[in-house]
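Below: one structure, written as structure tokens.
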Amino acid sequence: KANPNRVIVIDEAYVDFGAESAVELVSRYENLVVCQTTSKSRSLAGLRVGFAIAQAHLIAALEAVKNSFNSYPIDRFAIAAAVASFEDQDYFQEQCEKVIASREKLVDNLTELGFNVLPSKANFIFATHSLHDAAQLAEQLREQGIIVRYFNKPRINQFLRITIGTDEQNQRLVDT
């Protein structure tokens, strides 16, 4: 609303893990595009299938330029897999609920170990420990075959980005 002459894009790659979607706002704002993907919650990362939700004039504008920028158009296999992932809503919902439950359990376990974990509605968390250097933790975990992401960047250089795994994988991380 404050930027009527600009297109506003909301990336909802992780929305299915407990966040609130902005899709319902599309009908109210002519300048809003909501993007989603099948890569995260539908476990189809290698297929590179995503989509945009917007009013017709913005979708038409995207269609008009998409082949200039997208040198990797999706094939029939990717389309079939994406369609199947939307058709099996029970499985999809079950998998999202598993990730959410595993995330909450992991947050609780890491908090008990003295970690500060930022709130997350994604399939990963950011965690830091006041007594341990994040780079050293990442390296020590890697030596044990556990890979977490470490970014040597201002503001996050003492955090680990931890993808939510299975309960067994998460427990191994906590135990290590």
Exercise. Quickly, which of D133, N116, T128 forms a side-chain hydrogen bond (donor to acceptor under 3.5 Å, both in side chains) with Q158? Name it, please.
Key: D133
Quiz item: What heavy-atom pair brings A52 and L62 nearest, and what distance separates the two atoms?
Solution: CB-CD1, 3.8 Å
Practice problem: Quick one: pull up CG in N123 and CD1 in I100 and give me the separation to the nearest 0.5 Å. | Solution: 10.5 Å
Quiz item: Do V117 and T111 have side chains that get closer than 4.5 Å, going by heavy atoms?
Solution: yes
Self-check item: Q95 and S43, any side-chain heavy atoms less than 4.5 Å apart
Solution: no
Exercise. Walk me through it: do Y29 and K1 pass the test side-chain contact (heavy atoms from CB on, under 4.5 Å)?
Key: CA-CA 7 Å; Y29 298 99; K1 187 175 180 178; 3.7 Å; yes
Exercise. Check the hydrophobic clustering (I, L, V, M, F, W, Y; side-chain heavy atoms under 4.5 Å; chains of links allowed) and say if F51 and L58 are grouped together.
Key: no
Practice problem: Can you establish whether the number of heavy atoms outside E24 located under 6.0 Å from its atom CD is more than 12? | Solution: no
Practice problem: Check the hydrophobic clustering (I, L, V, M, F, W, Y; side-chain heavy atoms under 4.5 Å; chains of links allowed) and say if L141 and F159 are grouped together. | Solution: yes
Quiz prompt | Spacing of S102 atom OG and Q171 atom CD [to the nearest 0.5 Å] | solution = 11.0 Å
Exercise. Answer yes or no: is there a donor N or O on one side and an acceptor on the other, between the side chain of S41 and the main chain of C96, under 3.5 Å?
Key: no
Exercise. Would you check if V174 and N170 make a side-chain contact, meaning some heavy-atom pair closer than 4.5 Å?
Key: no
Quiz item: When clusters are formed by joining ILVMFWY residues with side-chain heavy atoms under 4.5 Å apart, either directly or through shared neighbours, do V15 and V99 land in the same one?
Solution: no
Quiz item: Given the rule in the side-chain contact (heavy atoms from CB on, under 4.5 Å) test, do Q36 and V23 qualify, once you have shown the distances and angles that lead to the verdict?
Solution: CA-CA 10 Å; Q36 294 186 2; V23 168; 3.7 Å; yes
Quiz prompt | side-chain contact (heavy atoms from CB on, under 4.5 Å) between E168 and R172, worked out | solution = CA-CA 6 Å; E168 295 79 20; R172 183 165 177 248; over 6 Å; no
Quiz item: CD1/I79 to CZ/R76 distance, rounded to the nearest 0.5 angstrom?
Solution: 8.0 Å
Determine all donor-acceptor pairs shorter than 3.5 Å in which one atom belongs to a side chain in residues 81-89; sequence neighbours excluded.
| residue | atom | partner | partner atom | Å |
| --- | --- | --- | --- | --- |
| S85 | OG | A82 | O | 2.7 |
| D88 | OD1 | Y91 | N | 3.2 |
| Q89 | NE2 | F86 | O | 2.7 |

Practice problem: Can you measure from CG (D175) to CG (N109) and round to the nearest 0.5 angstrom? | Solution: 9.0 Å
Quiz item: Counting only N and O atoms by type, is there a donor-acceptor contact under 3.5 Å from the side chain of Q55 to the main-chain atoms of V26?
Solution: yes
Quiz prompt | Min side-chain heavy-atom separation D16-F92 under 4.5 Å | solution = yes
Quiz item: Do the rings of F126 and F124 sit parallel, tilted or perpendicular, given the 30° and 60° boundaries?
Solution: perpendicular
Quiz prompt | V33 versus A54, closest heavy-atom pair with distance | solution = CG2-CB, 3.9 Å
Quiz prompt | Nearest non-hydrogen partners of N31 and P4, listed with the distance | solution = ND2-CA, 3.9 Å
Exercise. May I ask you to decide if N157's main-chain N or O and Y150's side chain share a donor-acceptor pair within less than 3.5 Å?
Key: yes
Quiz item: Can you name the nearest heavy-atom pair linking A78 to V49, along with the distance?
Solution: CB-CG2, 3.8 Å
Exercise. Look at the side-chain heavy atoms of Ile, Leu, Val, Met, Phe, Trp and Tyr, link any pair under 4.5 Å apart, and say whether L160 and I147 land in one connected group.
Key: no
Quiz item: Does CD belonging to E139 count more than 12 external heavy atoms closer than 6.0 Å?
Solution: yes
Exercise. Go through L106 and I162 one step at a time and tell me if the side-chain contact (heavy atoms from CB on, under 4.5 Å) criterion holds.
Key: CA-CA 10 Å; L106 179 59; I162 303 169; 4.1 Å; yes
Quiz item: To the nearest 0.5 Å, what is the distance between CZ (R103) and CG (D108)?
Solution: 11.5 Å
Quiz prompt | Shared hydrophobic cluster, I146 / L137 (ILVMFWY, side-chain heavy atoms < 4.5 Å) | solution = yes
Practice problem: Look up atom NE2 in H129 and atom CZ in F115, then write down how far apart they are to the nearest 0.5 Å. | Solution: 5.5 Å
Practice problem: Side-chain contact test, heavy atoms from C-beta onward, threshold under 4.5 Å: evaluate it for K121 versus Y14 and give yes or no. | Solution: no
Quiz item: Is it true that K98 and E94 have a side-chain N and a carboxylate O under 4.0 angstrom from each other?
Solution: yes
